[in-house]
Amino acid sequence: RALVGSAQGSQSLITTDSPSLKQFTAYAKLVGRQWSQNDTNIDCPPSFDYCPLVGEPKFFVNGSVYDQPWGRPQNDGPALVALVLLEFAAVVLDGLGVTGMAWLEEQGILGVIKKALDFVRFYWMEPSIGPWENRYSLHFYVTAVQRRALAVGAALAARAEMANSSLQASAKDYAYAAKKSTLLVEKFWTPEDRIVRARIGALYDYFPPRCASSQENATNREGPCSVDMQVVFGSLYAMARAEDQLTFPSVMPPSDPRLLATAAVIVESMAPHYAINGIDDKKGLPGVLIGRFPGDNFQGYTQDGSASSPNSPEPPVGPLWGNPWYLTTNLLAELCYQAATAAAKGALEVTDLSREFLRVAPGWGYPVQNRSDPAVLGACVGSNMLGCAEALIAAGDGVLERAKHHAEPGMHMPEEIEGHFGHPFPPGTGVSAANLTWSYASVLDALAARTLAADAVKRGPEAGTN
(Lines give C-alpha, C1' and ligand atoms only; values in the text may rest on other atoms or scores of the structure.)
Protein backbone atom coordinates (compact mmCIF):
# COMPACT_ATOMS: atom_id res chain seq x y z
CA ARG A 1 0.00 0.00 0.00
CA ALA A 2 2.78 2.42 0.86
CA LEU A 3 4.54 1.98 -2.49
CA VAL A 4 1.34 2.42 -4.49
CA GLY A 5 0.38 5.42 -2.39
CA SER A 6 3.71 7.12 -3.00
CA ALA A 7 3.33 6.51 -6.73
CA GLN A 8 -0.22 7.80 -7.09
CA GLY A 9 -0.41 11.20 -8.72
CA SER A 10 3.16 10.95 -9.93
CA GLN A 11 3.63 11.07 -13.69
CA SER A 12 7.16 9.74 -13.19
CA LEU A 13 5.63 6.32 -12.48
CA ILE A 14 4.73 5.84 -16.12
CA THR A 15 8.05 6.80 -17.69
CA THR A 16 10.07 3.95 -19.14
CA ASP A 17 12.98 4.41 -16.74
CA SER A 18 10.80 4.66 -13.61
CA PRO A 19 12.03 2.29 -10.85
CA SER A 20 8.43 1.97 -9.62
CA LEU A 21 7.23 0.99 -13.08
CA LYS A 22 9.96 -1.61 -13.40
CA GLN A 23 9.19 -3.01 -9.94
CA PHE A 24 5.44 -3.32 -10.57
CA THR A 25 5.99 -4.87 -13.99
CA ALA A 26 8.53 -7.37 -12.65
CA TYR A 27 6.17 -8.25 -9.80
CA ALA A 28 3.26 -8.90 -12.16
CA LYS A 29 5.38 -11.07 -14.44
CA LEU A 30 6.76 -13.05 -11.49
CA VAL A 31 3.25 -13.76 -10.21
CA GLY A 32 2.16 -14.71 -13.72
CA ARG A 33 4.99 -17.25 -13.97
CA GLN A 34 4.24 -18.67 -10.53
CA TRP A 35 0.57 -19.14 -11.38
CA SER A 36 1.32 -20.78 -14.72
CA GLN A 37 3.02 -23.91 -13.35
CA ASN A 38 1.65 -27.17 -12.05
CA ASP A 39 0.89 -27.52 -8.35
CA THR A 40 1.43 -31.07 -7.17
CA ASN A 41 0.52 -30.37 -3.54
CA ILE A 42 -2.06 -32.61 -1.93
CA ASP A 43 -1.86 -30.95 1.51
CA CYS A 44 -5.19 -29.23 0.87
CA PRO A 45 -8.23 -28.05 2.84
CA PRO A 46 -10.92 -30.62 3.65
CA SER A 47 -13.45 -29.24 1.16
CA PHE A 48 -11.10 -29.71 -1.81
CA ASP A 49 -9.42 -32.71 -3.36
CA TYR A 50 -6.81 -30.44 -4.93
CA CYS A 51 -4.90 -27.25 -4.06
CA PRO A 52 -5.81 -24.14 -6.08
CA LEU A 53 -2.49 -22.82 -7.34
CA VAL A 54 -3.59 -19.18 -7.23
CA GLY A 55 -4.21 -19.61 -3.49
CA GLU A 56 -0.78 -21.18 -2.94
CA PRO A 57 0.92 -19.17 -0.17
CA LYS A 58 4.54 -20.13 -0.57
CA PHE A 59 7.12 -20.49 -3.33
CA PHE A 60 10.83 -21.25 -3.42
CA VAL A 61 13.26 -18.48 -4.36
CA ASN A 62 13.53 -19.95 -7.87
CA GLY A 63 9.76 -19.45 -8.28
CA SER A 64 8.73 -23.10 -8.02
CA VAL A 65 5.87 -24.16 -5.75
CA TYR A 66 6.75 -24.96 -2.14
CA ASP A 67 6.00 -28.66 -1.93
CA GLN A 68 5.97 -29.25 1.83
CA PRO A 69 3.05 -29.15 4.29
CA TRP A 70 1.84 -25.61 4.95
CA GLY A 71 -1.37 -23.74 5.68
CA ARG A 72 -3.11 -23.62 2.32
CA PRO A 73 -4.92 -22.14 0.56
CA GLN A 74 -4.43 -18.56 1.71
CA ASN A 75 -7.11 -16.77 -0.23
CA ASP A 76 -6.10 -13.28 0.81
CA GLY A 77 -3.08 -13.61 -1.50
CA PRO A 78 -4.92 -13.33 -4.84
CA ALA A 79 -7.01 -10.44 -3.49
CA LEU A 80 -3.89 -8.55 -2.40
CA VAL A 81 -2.17 -9.20 -5.72
CA ALA A 82 -5.24 -7.83 -7.49
CA LEU A 83 -5.42 -4.75 -5.25
CA VAL A 84 -1.77 -3.83 -5.76
CA LEU A 85 -1.89 -4.27 -9.53
CA LEU A 86 -5.29 -2.58 -9.84
CA GLU A 87 -3.98 0.52 -8.10
CA PHE A 88 -0.94 0.47 -10.36
CA ALA A 89 -3.13 0.00 -13.44
CA ALA A 90 -5.29 2.98 -12.40
CA VAL A 91 -2.19 5.21 -12.25
CA VAL A 92 -1.15 4.04 -15.73
CA LEU A 93 -4.65 4.67 -17.13
CA ASP A 94 -4.79 8.11 -15.51
CA GLY A 95 -1.56 9.02 -17.24
CA LEU A 96 -1.85 7.27 -20.60
CA GLY A 97 -5.53 6.49 -21.17
CA VAL A 98 -6.25 3.93 -23.90
CA THR A 99 -2.55 3.70 -24.70
CA GLY A 100 -1.98 2.67 -21.08
CA MET A 101 -4.61 -0.07 -21.38
CA ALA A 102 -2.84 -1.47 -24.45
CA TRP A 103 0.48 -1.41 -22.59
CA LEU A 104 -1.04 -3.22 -19.57
CA GLU A 105 -2.39 -5.92 -21.90
CA GLU A 106 0.92 -6.22 -23.73
CA GLN A 107 2.87 -6.65 -20.50
CA GLY A 108 0.47 -9.34 -19.29
CA ILE A 109 -0.53 -7.28 -16.25
CA LEU A 110 -4.26 -7.31 -17.02
CA GLY A 111 -4.05 -11.07 -17.48
CA VAL A 112 -2.65 -11.48 -13.96
CA ILE A 113 -5.29 -9.15 -12.55
CA LYS A 114 -8.05 -11.12 -14.27
CA LYS A 115 -6.73 -14.46 -13.01
CA ALA A 116 -6.58 -13.08 -9.47
CA LEU A 117 -10.06 -11.52 -9.59
CA ASP A 118 -11.62 -14.58 -11.19
CA PHE A 119 -10.19 -16.68 -8.37
CA VAL A 120 -11.62 -14.27 -5.77
CA ARG A 121 -15.00 -14.18 -7.52
CA PHE A 122 -15.18 -17.98 -7.41
CA TYR A 123 -13.78 -18.60 -3.91
CA TRP A 124 -14.91 -15.66 -1.75
CA MET A 125 -17.46 -17.85 0.08
CA GLU A 126 -14.93 -20.62 0.78
CA PRO A 127 -13.04 -20.95 4.09
CA SER A 128 -9.27 -20.65 3.93
CA ILE A 129 -6.23 -20.27 6.13
CA GLY A 130 -6.07 -16.84 7.76
CA PRO A 131 -3.32 -14.24 8.05
CA TRP A 132 -1.53 -16.01 10.90
CA GLU A 133 -1.33 -19.19 8.77
CA ASN A 134 -2.77 -21.53 11.37
CA ARG A 135 -6.60 -21.61 11.32
CA TYR A 136 -8.97 -22.78 8.61
CA SER A 137 -12.20 -20.79 8.64
CA LEU A 138 -13.95 -17.79 7.15
CA HIS A 139 -11.80 -14.86 8.26
CA PHE A 140 -12.83 -11.23 8.52
CA TYR A 141 -9.53 -10.03 7.10
CA VAL A 142 -9.64 -12.38 4.12
CA THR A 143 -13.29 -11.63 3.35
CA ALA A 144 -12.78 -7.87 3.69
CA VAL A 145 -9.82 -7.70 1.28
CA GLN A 146 -11.58 -10.04 -1.16
CA ARG A 147 -14.60 -7.74 -1.22
CA ARG A 148 -12.34 -4.71 -1.68
CA ALA A 149 -10.48 -6.37 -4.60
CA LEU A 150 -13.74 -7.19 -6.35
CA ALA A 151 -15.02 -3.64 -5.87
CA VAL A 152 -11.85 -2.01 -7.20
CA GLY A 153 -11.73 -4.53 -10.04
CA ALA A 154 -15.30 -3.75 -11.04
CA ALA A 155 -14.60 -0.02 -11.01
CA LEU A 156 -11.45 -0.30 -13.11
CA ALA A 157 -12.95 -2.78 -15.57
CA ALA A 158 -15.86 -0.39 -16.21
CA ARG A 159 -13.63 2.59 -17.08
CA ALA A 160 -13.97 3.95 -20.59
CA GLU A 161 -10.28 3.35 -21.27
CA MET A 162 -10.85 -0.37 -20.65
CA ALA A 163 -13.21 -0.82 -23.63
CA ASN A 164 -12.28 -4.00 -25.50
CA SER A 165 -9.86 -5.06 -22.77
CA SER A 166 -9.73 -8.55 -21.31
CA LEU A 167 -11.28 -7.23 -18.09
CA GLN A 168 -14.23 -5.26 -19.43
CA ALA A 169 -16.54 -8.23 -19.96
CA SER A 170 -16.16 -9.23 -16.30
CA ALA A 171 -17.00 -5.83 -14.77
CA LYS A 172 -20.60 -6.78 -13.93
CA ASP A 173 -19.55 -10.14 -12.49
CA TYR A 174 -17.05 -8.48 -10.16
CA ALA A 175 -19.59 -5.85 -9.11
CA TYR A 176 -22.21 -8.52 -8.34
CA ALA A 177 -19.75 -10.55 -6.25
CA ALA A 178 -18.58 -7.42 -4.41
CA LYS A 179 -22.15 -6.56 -3.41
CA LYS A 180 -22.86 -10.11 -2.28
CA SER A 181 -19.64 -10.36 -0.26
CA THR A 182 -20.59 -7.12 1.52
CA LEU A 183 -23.29 -9.13 3.29
CA LEU A 184 -20.73 -11.69 4.43
CA VAL A 185 -18.39 -9.02 5.84
CA GLU A 186 -21.29 -7.68 7.92
CA LYS A 187 -21.90 -11.17 9.34
CA PHE A 188 -18.72 -10.95 11.43
CA TRP A 189 -20.33 -8.35 13.71
CA THR A 190 -21.84 -10.03 16.78
CA PRO A 191 -24.09 -7.60 18.67
CA GLU A 192 -24.36 -9.84 21.72
CA ASP A 193 -20.58 -9.76 22.22
CA ARG A 194 -20.15 -6.20 20.92
CA ILE A 195 -17.19 -7.15 18.75
CA VAL A 196 -16.39 -7.92 15.15
CA ARG A 197 -15.35 -11.56 15.29
CA ALA A 198 -12.18 -12.60 13.48
CA ARG A 199 -13.66 -15.91 12.31
CA ILE A 200 -17.01 -17.51 11.58
CA GLY A 201 -17.85 -21.00 10.38
CA ALA A 202 -14.76 -22.69 11.87
CA LEU A 203 -14.64 -26.44 11.20
CA TYR A 204 -12.40 -27.21 14.17
CA ASP A 205 -12.38 -26.45 17.89
CA TYR A 206 -9.04 -24.67 18.01
CA PHE A 207 -6.94 -24.06 21.13
CA PRO A 208 -6.33 -21.52 22.57
CA PRO A 209 -9.84 -20.15 21.94
CA ARG A 210 -8.67 -16.51 21.61
CA CYS A 211 -11.21 -15.16 24.05
CA ALA A 212 -10.86 -11.85 25.86
CA SER A 213 -9.62 -13.69 28.96
CA SER A 214 -7.33 -16.18 27.17
CA GLN A 215 -4.13 -14.23 27.81
CA GLU A 216 -4.71 -14.54 31.55
CA ASN A 217 -5.85 -18.16 31.39
CA ALA A 218 -5.50 -20.02 28.11
CA THR A 219 -8.21 -22.53 29.04
CA ASN A 220 -10.79 -19.85 29.80
CA ARG A 221 -13.47 -19.63 27.12
CA GLU A 222 -15.40 -16.79 28.68
CA GLY A 223 -16.49 -14.47 25.88
CA PRO A 224 -16.22 -12.51 23.84
CA CYS A 225 -14.13 -14.89 21.76
CA SER A 226 -12.49 -14.76 18.35
CA VAL A 227 -10.69 -11.61 19.50
CA ASP A 228 -7.95 -10.90 17.00
CA MET A 229 -6.00 -7.98 15.58
CA GLN A 230 -6.71 -9.27 12.07
CA VAL A 231 -10.03 -7.44 12.32
CA VAL A 232 -8.25 -4.09 12.59
CA PHE A 233 -5.94 -4.59 9.65
CA GLY A 234 -8.76 -6.15 7.65
CA SER A 235 -10.63 -2.88 8.12
CA LEU A 236 -7.56 -0.79 7.28
CA TYR A 237 -6.60 -2.77 4.19
CA ALA A 238 -10.16 -2.79 2.86
CA MET A 239 -10.87 0.93 3.07
CA ALA A 240 -12.56 2.37 -0.01
CA ARG A 241 -10.85 5.01 -2.07
CA ALA A 242 -12.59 8.39 -2.17
CA GLU A 243 -13.66 7.83 -5.77
CA ASP A 244 -15.30 4.49 -4.87
CA GLN A 245 -17.29 5.61 -1.83
CA LEU A 246 -20.56 6.09 -3.71
CA THR A 247 -20.62 2.76 -5.53
CA PHE A 248 -18.67 0.56 -3.10
CA PRO A 249 -18.31 2.33 0.28
CA SER A 250 -16.15 0.87 3.02
CA VAL A 251 -17.71 -1.84 5.15
CA MET A 252 -16.78 -1.38 8.82
CA PRO A 253 -14.04 1.20 8.16
CA PRO A 254 -11.61 2.13 10.98
CA SER A 255 -13.92 4.84 12.33
CA ASP A 256 -16.97 2.56 12.51
CA PRO A 257 -18.12 2.36 16.17
CA ARG A 258 -18.26 -1.44 15.88
CA LEU A 259 -14.63 -1.54 14.80
CA LEU A 260 -13.54 0.83 17.58
CA ALA A 261 -15.44 -1.25 20.14
CA THR A 262 -13.56 -4.30 18.90
CA ALA A 263 -10.22 -2.49 19.06
CA ALA A 264 -10.86 -1.55 22.70
CA VAL A 265 -11.46 -5.21 23.59
CA ILE A 266 -8.36 -6.31 21.64
CA VAL A 267 -6.05 -3.89 23.46
CA GLU A 268 -7.47 -4.62 26.90
CA SER A 269 -7.23 -8.39 26.33
CA MET A 270 -3.46 -8.28 25.77
CA ALA A 271 -1.65 -5.09 26.75
CA PRO A 272 -1.96 -5.36 30.57
CA HIS A 273 -0.48 -8.87 30.53
CA TYR A 274 2.83 -8.01 28.84
CA ALA A 275 5.59 -7.32 31.35
CA ILE A 276 7.31 -5.11 28.79
CA ASN A 277 4.41 -2.65 28.88
CA GLY A 278 4.87 -2.26 32.62
CA ILE A 279 8.60 -1.70 32.13
CA ASP A 280 7.97 0.91 29.45
CA ASP A 281 5.36 2.61 31.63
CA LYS A 282 7.93 3.02 34.40
CA LYS A 283 10.31 4.61 31.90
CA GLY A 284 7.68 7.21 31.08
CA LEU A 285 7.17 6.10 27.49
CA PRO A 286 3.87 6.94 25.80
CA GLY A 287 1.94 4.38 23.79
CA VAL A 288 1.26 0.70 24.26
CA LEU A 289 2.46 -2.57 22.70
CA ILE A 290 0.05 -5.26 21.54
CA GLY A 291 0.24 -8.66 19.87
CA ARG A 292 -1.89 -10.76 17.57
CA PHE A 293 -4.58 -12.14 19.88
CA PRO A 294 -5.04 -13.12 23.56
CA GLY A 295 -3.63 -16.51 24.43
CA ASP A 296 -1.15 -16.51 21.55
CA ASN A 297 0.94 -19.65 21.95
CA PHE A 298 3.71 -18.69 19.53
CA GLN A 299 6.67 -17.22 21.33
CA GLY A 300 8.84 -16.28 18.38
CA TYR A 301 11.33 -19.07 18.99
CA THR A 302 9.11 -21.88 20.23
CA GLN A 303 5.53 -23.11 20.06
CA ASP A 304 3.82 -24.25 23.28
CA GLY A 305 7.04 -24.50 25.30
CA SER A 306 8.99 -26.95 23.17
CA ALA A 307 12.37 -28.31 24.16
CA SER A 308 14.06 -25.57 22.16
CA SER A 309 13.19 -23.22 25.02
CA PRO A 310 13.87 -25.24 28.19
CA ASN A 311 13.73 -22.18 30.47
CA SER A 312 10.20 -21.29 29.44
CA PRO A 313 7.67 -21.41 32.28
CA GLU A 314 4.68 -23.67 32.63
CA PRO A 315 1.90 -23.83 31.60
CA PRO A 316 2.88 -23.77 27.93
CA VAL A 317 0.34 -21.06 27.09
CA GLY A 318 -1.16 -18.30 29.16
CA PRO A 319 -0.08 -14.95 30.60
CA LEU A 320 3.61 -15.63 29.96
CA TRP A 321 3.11 -16.59 26.33
CA GLY A 322 2.70 -14.63 23.17
CA ASN A 323 4.50 -11.38 22.44
CA PRO A 324 3.75 -7.91 21.19
CA TRP A 325 4.44 -7.59 17.47
CA TYR A 326 5.78 -4.56 15.62
CA LEU A 327 3.18 -5.13 12.92
CA THR A 328 0.14 -5.13 15.19
CA THR A 329 1.43 -2.24 17.29
CA ASN A 330 2.05 -0.14 14.19
CA LEU A 331 -1.42 -1.02 12.92
CA LEU A 332 -2.90 0.25 16.18
CA ALA A 333 -1.14 3.55 15.50
CA GLU A 334 -2.60 3.63 11.99
CA LEU A 335 -6.06 3.00 13.43
CA CYS A 336 -5.61 6.08 15.64
CA TYR A 337 -4.60 8.18 12.63
CA GLN A 338 -7.55 6.98 10.56
CA ALA A 339 -9.92 7.76 13.42
CA ALA A 340 -8.29 11.19 13.69
CA THR A 341 -9.00 11.85 10.01
CA ALA A 342 -12.64 10.92 10.54
CA ALA A 343 -12.84 13.21 13.58
CA ALA A 344 -11.37 16.15 11.66
CA LYS A 345 -13.94 15.63 8.91
CA GLY A 346 -16.79 15.48 11.41
CA ALA A 347 -17.40 11.82 10.60
CA LEU A 348 -16.39 10.21 13.91
CA GLU A 349 -19.37 9.03 15.95
CA VAL A 350 -19.20 8.96 19.74
CA THR A 351 -21.63 6.18 20.62
CA ASP A 352 -22.08 3.61 23.32
CA LEU A 353 -19.92 1.29 21.19
CA SER A 354 -17.06 3.63 20.35
CA ARG A 355 -16.93 5.46 23.68
CA GLU A 356 -14.48 3.14 25.48
CA PHE A 357 -11.88 3.28 22.72
CA LEU A 358 -12.27 7.05 22.41
CA ARG A 359 -11.92 7.40 26.18
CA VAL A 360 -8.76 5.30 26.45
CA ALA A 361 -6.89 5.96 23.18
CA PRO A 362 -5.94 9.64 23.79
CA GLY A 363 -4.00 8.48 26.84
CA TRP A 364 -1.52 6.64 24.62
CA GLY A 365 -0.12 10.02 23.68
CA TYR A 366 1.13 10.45 27.26
CA PRO A 367 3.12 8.56 29.89
CA VAL A 368 0.91 6.36 32.05
CA GLN A 369 0.84 8.78 35.00
CA ASN A 370 -0.96 11.40 32.88
CA ARG A 371 -3.61 9.14 31.39
CA SER A 372 -6.13 9.57 34.21
CA ASP A 373 -6.27 13.34 33.69
CA PRO A 374 -9.92 14.25 32.99
CA ALA A 375 -8.85 16.37 30.02
CA VAL A 376 -7.13 13.35 28.48
CA LEU A 377 -9.99 10.96 29.20
CA GLY A 378 -12.50 13.41 27.80
CA ALA A 379 -10.58 14.53 24.71
CA CYS A 380 -12.76 12.54 22.34
CA VAL A 381 -16.07 12.16 24.12
CA GLY A 382 -17.17 15.78 23.87
CA SER A 383 -18.08 18.03 20.96
CA ASN A 384 -14.59 19.30 20.03
CA MET A 385 -13.81 16.95 17.18
CA LEU A 386 -10.76 18.87 15.97
CA GLY A 387 -9.33 18.57 19.47
CA CYS A 388 -10.18 14.89 19.38
CA ALA A 389 -8.38 14.52 16.05
CA GLU A 390 -5.26 16.13 17.49
CA ALA A 391 -5.44 13.85 20.54
CA LEU A 392 -5.73 10.76 18.34
CA ILE A 393 -2.76 11.84 16.22
CA ALA A 394 -0.76 12.22 19.44
CA ALA A 395 -1.99 8.75 20.50
CA GLY A 396 -0.74 7.23 17.25
CA ASP A 397 2.57 9.03 17.70
CA GLY A 398 2.87 7.60 21.19
CA VAL A 399 2.21 4.06 20.01
CA LEU A 400 4.84 4.38 17.27
CA GLU A 401 7.30 5.91 19.73
CA ARG A 402 7.02 2.94 22.07
CA ALA A 403 7.55 0.50 19.21
CA LYS A 404 10.50 2.55 17.92
CA HIS A 405 12.06 2.44 21.38
CA HIS A 406 12.51 -1.30 20.96
CA ALA A 407 13.83 -1.23 17.40
CA GLU A 408 17.36 -2.56 17.06
CA PRO A 409 20.30 -0.33 16.06
CA GLY A 410 19.81 1.02 12.56
CA MET A 411 15.99 0.83 13.04
CA HIS A 412 15.97 -2.92 12.36
CA MET A 413 12.62 -4.44 13.27
CA PRO A 414 12.08 -8.18 13.62
CA GLU A 415 8.68 -9.79 13.96
CA GLU A 416 8.14 -9.60 17.70
CA ILE A 417 9.22 -7.91 20.93
CA GLU A 418 9.85 -10.24 23.86
CA GLY A 419 7.05 -9.46 26.29
CA HIS A 420 7.88 -11.49 29.40
CA PHE A 421 10.42 -12.48 32.01
CA GLY A 422 11.64 -16.07 32.35
CA HIS A 423 12.42 -16.69 28.69
CA PRO A 424 15.79 -17.00 26.97
CA PHE A 425 15.74 -13.27 26.11
CA PRO A 426 14.90 -10.35 28.43
CA PRO A 427 11.74 -8.32 27.87
CA GLY A 428 12.11 -5.80 25.07
CA THR A 429 14.44 -7.95 22.97
CA GLY A 430 13.59 -8.41 19.31
CA VAL A 431 12.69 -12.05 18.59
CA SER A 432 11.46 -14.30 15.79
CA ALA A 433 11.89 -13.45 12.08
CA ALA A 434 14.58 -10.83 11.57
CA ASN A 435 13.79 -7.73 9.51
CA LEU A 436 10.21 -8.79 8.82
CA THR A 437 8.99 -6.93 5.73
CA TRP A 438 5.53 -6.50 7.24
CA SER A 439 7.03 -4.70 10.25
CA TYR A 440 8.51 -2.04 7.98
CA ALA A 441 5.51 -1.80 5.66
CA SER A 442 3.20 -1.22 8.62
CA VAL A 443 5.31 1.77 9.70
CA LEU A 444 5.10 3.28 6.22
CA ASP A 445 1.33 2.73 6.14
CA ALA A 446 0.93 4.36 9.55
CA LEU A 447 3.03 7.38 8.57
CA ALA A 448 1.06 7.81 5.34
CA ALA A 449 -2.16 7.75 7.39
CA ARG A 450 -0.66 10.31 9.77
CA THR A 451 0.05 12.68 6.89
CA LEU A 452 -3.59 12.50 5.82
CA ALA A 453 -4.80 13.02 9.38
CA ALA A 454 -2.58 16.07 9.92
CA ASP A 455 -3.80 17.53 6.62
CA ALA A 456 -7.41 16.95 7.62
CA VAL A 457 -6.85 18.78 10.91
CA LYS A 458 -5.32 21.76 9.09
CA ARG A 459 -8.27 21.95 6.71
CA GLY A 460 -10.84 21.53 9.45
CA PRO A 461 -14.50 20.81 8.69
CA GLU A 462 -14.01 21.50 4.96
CA ALA A 463 -11.98 18.26 4.82
CA GLY A 464 -15.26 16.39 5.11
CA THR A 465 -16.23 17.44 1.62
CA ASN A 466 -13.30 15.54 0.03
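Here the structure is a predicted model, which is why all the values come from computation and not from measurement.
- In terms of modelled atom types and a separation under 3.5 Å, the side chain of T351 and the main chain of P257 share no donor-acceptor contact.
- Summarising the geometry of G234 relative to Y141, their closest heavy-atom pair is CA-CD1, 3.8 Å, with the distance given to 0.1 Å.
- Within 6.0 Å of NZ on K179 lie no more than 12 heavy atoms contributed by other residues, nucleotides or ligands.
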| request: Could you give me the CA-CA distance, side-chain angles and deciding distance for Q230 and H139, then say whether side-chain hydrogen bond (donor to acceptor under 3.5 Å, both in side chains) is met? | output: CA-CA 8 Å; Q230 68 152 288; H139 297 265; 3.2 Å; yes
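- Put simply, the side chain of F188 does not reach to within 4.5 Å of the side chain of V231, judged on heavy atoms.
- The only option from V251, I200, L184, D76 that meets the side chain to side chain contact (heavy atoms under 4.5 Å, CB included) definition with T143 turns out to be L184.
- Salt bridge present: D281 and R402 bring a charged side-chain N and a carboxylate O closer than 4.0 Å.
- Shortest non-hydrogen contact noted between L53 and Q34 is CD2-O, 3.5 Å.
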| Could you walk me through whether L452 and Y337 pass the side chain to side chain contact (heavy atoms under 4.5 Å, CB included) check? | CA-CA 8 Å; L452 294 176; Y337 296 140; over 6 Å; no
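- Using cut-offs of 30° and 60° on the angle between ring planes, the pair Y66 and W70 is perpendicular.
- Side-chain atoms of E356 never come within 3.5 Å of backbone atoms of L358 as a donor-acceptor pair (strictly under, hydrogens ignored).
- Look at D296 and R210 and you find no salt bridge, because none of the NZ, NE, NH1 or NH2 atoms lies under 4.0 Å from a carboxylate O.
- Judged by distance alone, with hydrogens and angles left aside, the side-chain atoms of S432 form no donor-acceptor pair with the main-chain N or O of E416 at under 3.5 Å.
- A salt bridge links D352 with R194: the distance from a Lys NZ or Arg NE/NH1/NH2 to an Asp or Glu carboxylate oxygen falls below 4.0 Å.
- Proximity of the aromatic rings of Y274 and W325 is defined here by a centroid distance below 6.0 angstrom, and this criterion is not met.
- Shown are E133, E56, K58; of these, the side-chain hydrogen bond (donor to acceptor under 3.5 Å, both in side chains) with Q74 is made only by E133.
- Classification of R197 and D228 as a salt-bridged pair fails, no side-chain N sitting under 4.0 Å from a carboxylate O.
- A side chain to side chain contact (heavy atoms under 4.5 Å, CB included) with V227 is found for one member of S213, P209, S214, P294 and no other, namely P294.
- The aromatic rings of W132 and F293 lie tilted to each other, with the angle between the two planes from 30° to 60°.
- Of the charged side-chain nitrogens involved, at least one lies within less than 4.0 Å of a carboxylate oxygen, so that R258 and E186 count as a salt-bridged pair.
- K404 and E401 are not joined by a salt bridge, as no carboxylate oxygen comes within less than 4.0 angstrom of a charged side-chain nitrogen.
- No side-chain heavy atom of C211 sits less than 4.5 Å from a side-chain heavy atom of E222.
- Under the 3.5 Å distance criterion, the side-chain polar atoms of T190 are left unmatched by any main-chain donor or acceptor of E192.
- Looking only at side-chain heavy atoms (C-beta outward), V431 and N323 come within less than 4.5 Å of each other.
- A 4.5 Å side-chain heavy-atom check between I113 and L86 finds at least one atom pair inside the cut-off.
- Remark: the backbone N or O of R199 is not paired with any side-chain donor or acceptor of S137 at under 3.5 angstrom.
- Counting only distance, with no hydrogens or angles, the side chain of S235 and the backbone of M252 share a donor-acceptor pair below 3.5 Å.
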| task | Check the pair L260, L353 against side chain to side chain contact (heavy atoms under 4.5 Å, CB included), reporting the backbone distance first and the verdict last. | result | CA-CA 7 Å; L260 295 179; L353 288 172; over 6 Å; no
| said: Using the rule given for side chain to side chain contact (heavy atoms under 4.5 Å, CB included), can you reason through L285 versus V368, listing the C-alpha separation, both sets of side-chain angles and the distance that settles it, and then say yes or no? | reply: CA-CA 8 Å; L285 290 171; V368 69; over 6 Å; no
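- In this structure, S255 contributes its side chain and A342 its backbone to no donor-acceptor pair below 3.5 Å.
- Inter-residue side-chain proximity for S64 and Q37 is flagged as met; some heavy-atom pair is nearer than 4.5 Å.
- Atoms CD and CZ, on Q23 and F88 in that order, are 10.5 Å from each other to the nearest 0.5 Å.
- A heavy-atom distance below 4.5 Å is not found between the side chains of I129 and P57.
- In the displayed structure, E268 atom CD is contacted under 6.0 Å by at most 12 heavy atoms of other residues, nucleotides or ligands.
- Annotation: side chain of R148 is in contact with side chain of L83 (closest heavy-atom distance under 4.5 Å).
- Using a distance-only test at 3.5 Å, with no hydrogens or angles considered, a donor-acceptor pair links the side chain of R371 to the main chain of Y366.
- Using cut-offs of 30° and 60° for the angle between ring planes, the W438 and Y237 rings count as tilted.
- Not one N or O on the side chain of S442 forms a donor-acceptor pair closer than 3.5 Å with the backbone of L331.
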| message | Under the criterion side chain to side chain contact (heavy atoms under 4.5 Å, CB included), I'd like the reasoning laid out for M413 against N435: C-alpha separation, chi angles, the key distance, then a yes or no. | response | CA-CA 5 Å; M413 289 180 288; N435 291 311; 6.0 Å; no
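- Taking the side chain as every heavy atom from C-beta outward, L150 and F248 never approach each other to under 4.5 Å.
- The backbone N or O of Y326 sits less than 3.5 Å from a side-chain atom of N330, completing a donor-acceptor pair.
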